[in-house]
Amino acid sequence: MQDISELQKSYFHALCELDEKKTSSLIEGALAGGVKPDELLIKVVIPSIDQMNEELIMGQEINLAQHYLSAKISESIAMKLLDQVQTAGECPGCVVIGTAVGDFHGLGKKIVIACLRAHMFKVIDAGTHVSPEAFVDLAIENNAQVIGISSMMAHTATGPNGALGVRKILRERELEGKIKIMVGGAPFRFDHGLYEHVNADGWGENGLEAVATAKRLIKEVEG
Ligand code: B12
């Protein structure tokens with residue numbers, strides 16, 4: 001079996017070079033060698049995106065254009081891997097998910113959606129830049145038990161148009177017992193208690209935690 005940390009180094013190097021062919025061939029080679037798609041996603045593709053960002057912040061060799069193009073390559077590889085993740089089981093419930101107003105970081109959301117779908121959830125993708133009203137309306141329309149809000153920036157996570165806005169509407173319409181709020185994204189990964197400050201019912205560090213949190217919240221709704 002291939003050494004995953006060596007593979008991550010080679011993959012990251014190819015990503016920095018914006019060498020799409022090389023990144024794809026490394027991933028395809030690993031899949032052919034028996035490494036599972038979800039393992040490649042969690043141990044190679046996502047850490048490389050984070051490493052790219054760290055180097056950008058530290059003022060290393062990476063510039064913003066490289067950062068943008070590498071995000072595009074990562075997204076296309078992540079989507080191909082997610083297509084290969086296997087699904088099984090009964091439908092646990094419905095989640096409406098989108099990014100908060102002002103936030104166009106869609107990759108994390110797509111990964112969460114794929115993980116939820118892989119665990120048989122019905123998922124309504126509300127897209128990016130979703131208003132609190134739209135989140136709640138979509139949840140009612142689809143009988144969803146959970147609204148998932150992805151926020152990658154501090155102001156979209158803690159501002160009035162994120163979870164705080166959704167909570168306000170749920171309260172006004174007396175829907176708090178029927179619809180729960182789950183949040184995730186970079187600010188929540190940096191501060192694990194932040195979800196409580198924005199009045200969410202739970203959060204998830206990654207796609208798999210999103211699945212566990214959504215299951216827990218649906219149990220709470222169904223009592
Ligand atoms: C890639 C990236 C971009 C790409 C986005 C590509 C795309 N289609 O999504 C591009 C280059 C376009 C971009 C643009 C910008 N970005 Co940017 N970006 C990133 C970066 C490096 C990675 C984000 C990412 O895709 N990560 C990979 C995915 C897989 O991880 P994830 O999103 O965290 O998602 C996982 C978990 O968080 C969780 N999760 C996510 N959502 C949800 C939802 C729920 C309900 C749950 C339970 C879990 C969950 O599960 C996911 C899967 O594991 C982050 C830094 C970082 N390390 O997070 C900065 C970052 C988010 N960006 C930042 C900034 C500032 C910007 C720009 C404003 C830059 C600019 N000056 O133009 C713009 C903003 C655009 C906008 N209005 O949205 C800042 C935000 C800073 C802050 N404190 O607010 C960050 C933190 C970088 C930094 N440290 O400065 N960005």
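First listed ligand is number 1; within each ligand, the first listed atom is number 1. We're numbering straight along the sequence, starting at 1.
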Go through ligand 1 atom by atom and flag the ones less than 4.0 Å from a non-hydrogen atom of [X].
{"X": "Ala186", "value": "58 (O)"}
{"X": "Gly102", "value": "76 (C), 77 (N), 78 (O)"}
{"X": "Gly207", "value": "50 (O), 52 (C), 53 (O)"}
{"X": "Glu75", "value": "8 (N)"}
{"X": "Ile149", "value": "43 (C), 45 (C)"}
{"X": "Asp103", "value": "78 (O)"}
{"X": "Ser150", "value": "40 (C), 41 (N), 42 (C), 43 (C)"}

_Point-to-point distance, once rounded to the nearest 0.5 Å, from CZ of Arg167 to CD1 of Ile169_ = 11.5 Å
*Rounded to the nearest 0.5 Å, what separation is found between the CG atom of Leu15 and the CD atom of Gln66?*
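Leu15 atom CG to Gln66 atom CD measures 8.5 Å (nearest 0.5 Å).
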*Determine whether any heavy atom of Glu205 lies closer than 4.0 Å to an atom of ligand 1.*
yes
What residue and heavy atom of the protein are closest to [atom], and at what distance?
{"atom": "atom 9 (O) of ligand 1", "value": "Gly106 N, 2.9 Å"}
{"atom": "atom 24 (C) of ligand 1", "value": "Ile49 CG2, 4.1 Å"}
{"atom": "atom 34 (O) of ligand 1", "value": "Gly108 CA, 3.3 Å"}
{"atom": "atom 45 (C) of ligand 1", "value": "Met182 O, 3.5 Å"}
{"atom": "atom 29 (C) of ligand 1", "value": "Ile111 CD1, 3.5 Å"}
{"atom": "atom 57 (N) of ligand 1", "value": "Asp50 OD1, 3.2 Å"}
{"atom": "atom 33 (O) of ligand 1", "value": "Arg189 NH1, 3.0 Å"}
{"atom": "atom 90 (O) of ligand 1", "value": "Ile57 CD1, 4.4 Å"}

_According to salt bridge (charged side-chain N to carboxylate O under 4.0 Å, His left out), does anything in residues 127-142 pair up with another residue at least two apart or in another chain? List the pairs._
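Every pair satisfying salt bridge (charged side-chain N to carboxylate O under 4.0 Å, His left out) with a residue in residues 127-142: Asp137-Arg173.
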Any non-hydrogen protein atom below 4.0 Å of [atom]?
{"atom": "atom 49 (C) of ligand 1", "value": "yes"}
{"atom": "atom 5 (C) of ligand 1", "value": "yes"}
{"atom": "atom 40 (C) of ligand 1", "value": "yes"}
{"atom": "atom 36 (C) of ligand 1", "value": "yes"}
{"atom": "atom 82 (C) of ligand 1", "value": "yes"}
{"atom": "atom 2 (C) of ligand 1", "value": "yes"}
{"atom": "atom 31 (P) of ligand 1", "value": "yes"}

*asked:* Can you give me the closest heavy-atom contact between Phe188 and Ser151, atom names plus distance?
replied: CE1-CB, 4.3 Å
*Is it the case that more than 12 heavy atoms not belonging to Glu174 sit under 6.0 Å from its CD atom?*
no
_Would Val183 count as being in polar contact with ligand 1, using the rule that some N or O on each side must be under 3.5 angstrom apart?_
no
*Could you tell me whether some N/O pair between Val112 and ligand 1 is separated by less than 3.5 angstrom?*
no
*asked:* Considering Ser74, Ser70, Ala154 one by one, which has a heavy atom nearer to atom 84 (O) of ligand 1 than any of the others?
replied: Ala154
*Kindly identify the option in Tyr68, Trp203, Tyr195 whose heavy atom sits closest to atom 10 (C) of ligand 1.*
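The residue whose heavy atom sits nearest atom 10 (C) of ligand 1 is Tyr68.
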_Ion pair check, Lys22 and Glu17, cut-off under 4.0 Å_ = no
*Under 3.5 Å, is there a donor-acceptor pair between the side chain of Ser76 and the main chain of Lys72?*
no
*Determine whether the side chain, the backbone, both or neither of Leu107 has a heavy atom under 4.0 Å from any heavy atom of ligand 1.*
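Both backbone and side chain.
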*asked:* If we count only N and O atoms by modelled type, under 3.5 Å, do the side chains of Gln8 and Gln51 hold a donor and an acceptor together?
replied: yes
*Cut-off under 2.8 Å, centre atom 17 (Co) of ligand 1, protein N/O/S atoms*: His105 NE2
_With Lys109, the side-chain hydrogen bond (donor to acceptor under 3.5 Å, both in side chains) member among Asp103, Thr99, Asp125_ =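 When side-chain hydrogen bond (donor to acceptor under 3.5 Å, both in side chains) is applied between Lys109 and each of Asp103, Thr99, Asp125, only Asp125 qualifies.
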